[in-house]
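Step one of this worksheet: look at the structure below.
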2 protein chains.
Amino acid sequence: MTVGTTRELIAAEARRQFMAQGYAATSVRGVAGAAGIDPALVIRHFGSKEQLFLATVDVEGPFAPALAGPLTGMGERLVALVLDERLSGVLRTPYRAMIRATDSAAVREQLVAAMEATLARPLAERLDGPDAELRAHLVAAQVGGLLEALVILEDPAVVDADAAAVARLYGAAVSTLLTPPSG
Amino acid sequence: MTVGTTRELIAAEARRQFMAQGYAATSVRGVAGAAGIDPALVIRHFGSKEQLFLATVDVEGPFAPALAGPLTGMGERLVALVLDERLSGVLRTPYRAMIRATDSAAVREQLVAAMEATLARPLAERLDGPDAELRAHLVAAQVGGLLEALVILEDPAVVDADAAAVARLYGAAVSTLLTPPSG
DNA sequence: GTCTATACTGCGATAGAC
DNA sequence: GTCTATCGCAGTATAGAC
């Protein structure tokens, strides 16, 4: 389906390497070599290594299915999506690459924008009660925390835990923010 | 209080730069220059840039005060510690530097160990009911999520939010995992 | 035994020739 | 458009000066 222009060839190879090895371990020269072209071409087409990363790596935030249903059980459904390894390619892997590249302000902003557009903003519209917007962003922080433990820190206590138990327990904690605070 | 040995001089300057600029933007040559010594000496003393980082940057996990009191309100107290800017130097700043250096497995392990020793393990001993250990680690994931939103991603919706509201709302969500699950 | 000088390899990026 | 040559900087190893 790729048209095969040089630019798209570079982008495809760069995405592969950034996702597999991260930002620091991926070199412009390595991408160019694997694509069979000259390193200077990569810079010519994308401007810099950072811009190449921004253009090729992004999270897609596959939260829509969980947000579509009723508020009841939504916390558990959100957590289940994070735990679903079939979604790694669109969530876990780019999330890891981007978090580890947040030295760059542009990467930070792109990741915050993606999580806001796919999670915090649509969620805020669903919430009742005071502080709906803040609560939605705090849910996003919780989701980020679980992703961090799973794929950034690879904390064995979470990675090796029973997924159903994590979904139940962490999902309940997320749900606390979905229902209006009592009092 | 520093004895002034070359090794300690290097360590102090390295810590300063790693905390202020992060791992990638700090160079062995820059540390050596600021310390007024030769770059090769840094390697001589610490082996590599990565080992220099591991030896000089660590989070201290100042959670003990929050963990000491009653379970009631502990969630809010933990969140308040994360939000306390006076603790930045021992928590936020090293946390940011370490998360952004988690390409290194050794950095991952050192950060996980610090959070486990100062938060998850002492907390697990305080918790009643089933899955105490998993729940304690999920609390650590929540704390990590808040730190991530605040200091890694610098999400304006959280950074600019009223601290008291964050403590109340996020603290309540943390507390969900502190009390034994109902049912 | 500390420390300096030097050098090797690889990086991102630029200038300019085809 | 694409490649060649090159610049300046990085981490690090080694040799040898004090």
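Proteins come first, then strands; the chains are lettered A, B, ... in the order of their sequence lines, and each starts at number 1.
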Nucleotide [N], atom [atom2] - distance to [atom1] of [X] in whole Å:
X	N	atom1	atom2	value
B:L9	C:dC3	CG	P	10 Å
B:E8	C:dT2	CD	P	13 Å
A:D38	C:dC11	CG	C1'	15 Å
A:R7	D:dT2	CZ	C1'	16 Å
A:F46	C:dG12	CZ	P	15 Å
A:I37	D:dG1	CD1	C1'	12 Å
A:Q17	C:dG12	CD	C1'	15 Å
A:Q51	C:dT14	CD	P	10 Å

Output yes when at least one side-chain N/O atom of A:H45 is less than 4.0 Å from OP1 or OP2 of D:dT2, else no. yes

Which of these nucleotides, [options], is closest to any side-chain atom of [X]?
X	options	value
B:K49	C:dC11, D:dT12, D:dC3	D:dT12
A:L41	D:dT2, D:dG11, C:dA13	D:dT2
A:I43	C:dA13, C:dC11, D:dT14	C:dA13
A:T6	D:dT2, C:dT4, D:dT12	D:dT2
A:V28	D:dT12, D:dC3, C:dG12	C:dG12

Within this structure, what is the CG-CG distance for the pair A:L83 and A:L146, rounded to the nearest 0.5 Å? 5.5 Å

Give, for atom CG of B:L52 and atom CD1 of B:I10, the distance between the pair rounded to the nearest 0.5 Å. 8.0 Å

Which residue lies more 5' along DNA chain C, comparing A:R44 with A:A24 via nearest heavy atoms: A:A24

A:T176 and B:T176: side chain donor to acceptor below 3.5 Å: yes

Between B:R108 and B:T102: side-chain donor-acceptor atoms closer than 3.5 Å: no

Just say parallel, tilted or perpendicular for the rings of A:F18 and A:F53, cut-offs at 30° and 60°.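 A:F18 and A:F53: perpendicular rings.
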
Using only heavy-atom distances, decide whether a donor-acceptor pair under 3.5 angstrom links the side-chain of A:R29 to the base of C:dG12. yes

